[in-house]
There are 2 protein chains.
Amino acid sequence: MTLKRVAEIAGVSIATASRVLAGKGGAHRISEATVAAVTQAAEKIGFRHSHLARSLKSGQSALIGVVVPDVSNPFFAAIAREITLAAEAKGYSVLLADSREDDASERRLVQQLRDRHIEGLVVCPAGLKQDHLAAAQDAGLPLVVVDRGFADGDLLTVTSDHAQGARALAQVLLKAGHRHIGVLQGRPGTLVNDERLAAFKAALASDGVRLTAAHIAGDAFSEVSGRRAAATLLRAKPQITALFALSNQIALGALRAAAELGRVVPRDLSLATFDDLPHAEFMNPPLTTACQDVPALGRQAADLLFARLAGVPRPRTRLQRISVTVIERASVTAPSTRKATT
Amino acid sequence: MTLKRVAEIAGVSIATASRVLAGKGGAHRISEATVAAVTQAAEKIGFRHSHLARSLKSGQSALIGVVVPDVSNPFFAAIAREITLAAEAKGYSVLLADSREDDASERRLVQQLRDRHIEGLVVCPAGLKQDHLAAAQDAGLPLVVVDRGFADGDLLTVTSDHAQGARALAQVLLKAGHRHIGVLQGRPGTLVNDERLAAFKAALASDGVRLTAAHIAGDAFSEVSGRRAAATLLRAKPQITALFALSNQIALGALRAAAELGRVVPRDLSLATFDDLPHAEFMNPPLTTACQDVPALGRQAADLLFARLAGVPRPRTRLQRISVTVIERASVTAPSTRKATT
DNA sequence: TATGCATGCGCAAACGTTTGCGCATCTATA
DNA sequence: TATAGATGCGCAAACGTTTGCGCATGCATA
């Protein structure tokens with residue numbers, strides 16, 4: 001199953017076999033007869049190039065890496081899929097890694113991928129550190145960050161227009177008449193969290209509604225954080241009539257907490273969320289959400305990466321924004337008049 | 001960044017550098033001083049082994065392949081995740097491929113992965129053909145099929161106990177009093193579809209309820225198929241009071257179709273489904289479902305694969321079953337008395 | 001009969017490792 | 001002062017490719 005074997009059978013040198021199978025027979029003035037012989041020999045033993053040897057020789061692995069915090073999260077899965085499909089179309093294969101939302105794992109995985117000579121990397125960072133990514137980029141590795149970017153630094157990033165979504169959601173809640181609003185945040189310090197939070201706060205403020213620290217809880221983009229944060233907030237501030245969950249994992253947690261506290265959504269409590277996926281429509285209640293265009297995030301990341309691999313220079317705008325669509329569903333209504341009784 | 005460079009700096013031969021960095025200094029009687037020199041040199045230039053070269057030399061790529069029909073489907077994503085985590089723990093990396101539910105793509109992708117010298121493969125087949133997989137296995141590639149297996153052949157397979165789940169769901173529907181039941185099937189001919197269908201049919205039959213071809217519709221495990229099938233069935237047989245969807249994608253389609261036909265679930269129509277994921281709880285209505293243990297499927301597949309890679313012989317039972325848990329929720333109630341009016 | 005130019009193909013190095021074998025040098029023994 | 005056994009390390013082949021260079025052969029031209 002090696003070129004050598006093919007060459008032996010065809011009665012030619014390895015070099016000739018290589019050239020023929022690379023389709024360079026013409027360019028190297030190899031006779032029709034020889035081409036046929038080599039082709040047949042290859043066919044006969046079912047010859048396939050060793051990608052390994054080829055990569056070693058050529059320095060091109062045709063491999064890209066994808067690192068996400070949790071593959072089983074449909075949000076990241078959808079992103080991974082777009083990248084995988086794009087990669088396949090370009091002749092690349094994808095090495096997938098799951099950082100388990102862990103900074104140290106991510107570091108290790110990125111290094112591991114680099115050891116495997118990936119030609120490009122798409123990563124959704126788990127943490128707040130970007131030095132390992134910056135190092136990779138400085139070492140010449142084409143790199144695209146997706147979703148969870150960094151406010152500073154120089155990493156090319158594709159992410160949603162969080163401010164736009166948060167503002168729009170704020171409008172929805174304000175318009176419905178809510179004045180006591182709680183925020184279930186994700187991981188503070190992340191671009192995603194901070195942008196959403198800041199824009200939401202600003203939008204409320206411009207309508208005269210103040211969002212103090214006492215109205216904000218949560219520390220991760222997870223269901224457990226959402227649940228705990230919602231419980232905390234609802235207990236500490238019963239006058240809250242609406243919650244803004246910064247992700248739909250968090251929203252799930254909020255739904256659980258609300259159920260546990262006997263508050264029915266949306267009758268006793270409105271809920272708006274930044275959303276990952278299109279399941280919201282069939283949820284109970286259907287969630288009002290700022291819906292991210294997840295496939296577009298993945299596609300854009302892939303496009304940017306492959307453009308760079310094709311030699312296209314990096315775009316000047318570091319933060320590439322994908323717009324979100326606010327969809328109003330049943331989880332937001334006017335605040336219940338009996339809110340004080342709770 | 002090569003061994004050669006390290007050797008130069010340390011003033012030793014490449015061989016010595018290799019042995020030191022492999023931790024074989026002791027076994028090869030290399031002096032403390034030399035070991036230190038090499039180690040420092042490596043550290044100094046940030047040396048990392050080329051996985052490529054190592055693989056080529058050793059014949060071990062430490063790579064496994066995972067092929068699924070749709071990465072963005074949370075079901076497959078969850079499986080992919082378990083395999084990825086297991087692989088990482090064993091020092092393997094994962095090459096991920098998405099066959100887009102397409103047989104030909106799958107073939108191509110499997111071949112591509114084999115060209116990359118994967119040491120093992122987990123695949124969830126998109127189609128009804130298994131010859132390419134059998135070929136891979138016959139060629140000595142450790143292979144585990146997950147979820148969608150084949151009734152015949154010799155491929156080691158991890159899949160749910162579909163018959164168990166289907167039977168249990170049949171009991172639930174029968175107990176609720178349904179006698180006119182429709183089935184929204186997935187892809188006929190697949191083990192998953194046929195086992196679920198057959199067991200369901202048998203369970204109904206043992207209670208005197210006949211399930212004819214006219215009560216079965218659908219041709220794929222997709223939302224569109226579910227929607228179309230549900231619409232067809234409900235229109236052709238208005239007396240149907242309950243639907244059994246063979247996957248939750250199909251169930252989503254059924255919900256859509258029901259909504260379009262003005263039938264409210266569960267008031268006018270009960271719905272039970274074979275489920276992929278734990279979102280069902282928050283759906284509207286919460287779905288009664290035979291819940292597969294998706295992580296267990298992935299874990300078991302990974303365990304079997306890595307056991308084989310570690311030299312453990314293949315288990316004798318070809319079809320490894322993971323049991324499912326039936327969860328009764330609100331989507332199944334007694335048949336509406338006004339069913340005839342519809 | 002020598003010279004020139006196509007034509008058709010092979011040699012061998014290189015990619016970065018690992019590893020079997022062997023070769024020096026030194027110390028202790030006879 | 002030879003000899004043996006450690007001790008410490010290097011040579012070179014091999015993994016499967018790709019590719020620059022060059023070498024034959026054949027034919028037409030001078």
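All values below come from the heavy atoms of this structure, side chains included, with hydrogens, waters and symmetry mates left out. A, B, ... follow the sequence lines: proteins, then strands. Residue 1 opens every chain.
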Kindly indicate whether the side chain of Gln137(B), heavy atoms from C-beta on, has any atom under 4.5 Å from the side chain of Leu155(B).
yes

Report which part of the nucleic acid Ser18(A) touches: base, sugar-phosphate, or nothing (heavy-atom distance under 4.0 Å, all strands).
base

Which pairs, with at least one residue in residues 26-46 of chain B and sequence neighbours excluded, count as a ring-ring contact (aromatic ring centres under 6.0 Å, His included)?
none

With side chain to side chain donor-acceptor pair (under 3.5 Å) as the rule and sequence neighbours excluded, what pairs involving residues 35-46 of chain A come up?
none

Applying salt bridge (Lys or Arg N to Asp or Glu O under 4.0 Å) as the test, list every pair that has at least one member in residues 6-17 of chain A; sequence neighbours left out.
Arg5(A)-Glu8(A)

Mind listing the side-chain donor-acceptor pairs of residues 301-315 of chain A below 3.5 Å, one per line with the distance, residues two or more places apart or on another chain?
unit_1	atom_1	unit_2	atom_2	d
Arg314(A)	NH1	Asp154(A)	O	2.7
Arg314(A)	NH2	Asp154(A)	O	3.3
Arg314(A)	NH2	Asp154(A)	OD1	3.3

For the residue pair Ile83(A) and Leu85(A), establish whether any side-chain heavy-atom pair is separated by less than 4.5 Å.
no

Pairs flagged by salt bridge (Lys or Arg N to Asp or Glu O under 4.0 Å) wherever residues 26-37 of chain B is involved - sequence neighbours left out
none

Only counting residues at least two apart or in another chain, list the ones meeting side-chain hydrogen bond (donor to acceptor under 3.5 Å, both in side chains) with Asp115(A).
Arg48(B)

What range of DNA chain D does chain A touch, first nucleotide to last, counting atoms under 4.0 Å from its heavy atoms?
dG16(D) to dG20(D)

Classify Ile14(B) by what it touches in the nucleic acid, base, sugar-phosphate, or nothing, heavy-atom distance under 4.0 Å.
base

Arg81(A)/Asp70(B) salt bridge by N-O under 4.0 Å criterion:
yes

Using a heavy-atom cut-off of 4.0 Å across all strands, would you classify Arg48(B) as base, sugar-phosphate, or nothing?
sugar-phosphate

Which residues within residues 20-29 of chain B lie with some heavy atom under 4.0 Å of an atom in DNA chain D?
His28(B), Arg29(B)

Residues that Arg148(B) engages under side-chain hydrogen bond (donor to acceptor under 3.5 Å, both in side chains), provided they are two or more places apart
Glu101(B)

Indicate yes or no: does Asp131(B) engage Arg107(B) in a salt bridge with an N to O separation below 4.0 Å.
yes

Please work out if Thr34(A) contacts a base, only the sugar-phosphate, or nothing of the nucleic acid, heavy-atom cut-off 4.0 Å.
sugar-phosphate

Toward the 5' end of DNA chain C, which comes first, Arg19(B) or Leu56(B), by nearest nucleotide?
Leu56(B)

Pairwise side chain to side chain donor-acceptor pair (under 3.5 Å) hits with a residue in residues 121-130 of chain B, at least two apart
Gln130(B)-Asp152(B)

Could you tell me whether Glu88(A) and Arg108(B) have a side-chain N and a carboxylate O separated by less than 4.0 Å?
yes

Between Ser58(A) and Val12(A), which residue's closest nucleotide on DNA chain C lies nearer the 5′ terminus?
Val12(A)

Sorted by position of nearest nucleotide on DNA chain D, 5' first, the leading residue of Met1(A) and Ser31(B) is Ser31(B)

Is there any protein nitrogen or oxygen under 3.5 Å from a nitrogen or oxygen in nucleotides 25-27 of chain C, and what are the pairs?
none

For the helix from dT1(C)-dA30(D) to dA30(C)-dT1(D), measure the angle between the helix axis at one end and the axis at the other, each built from five pairs, rounding to 10°.
90°

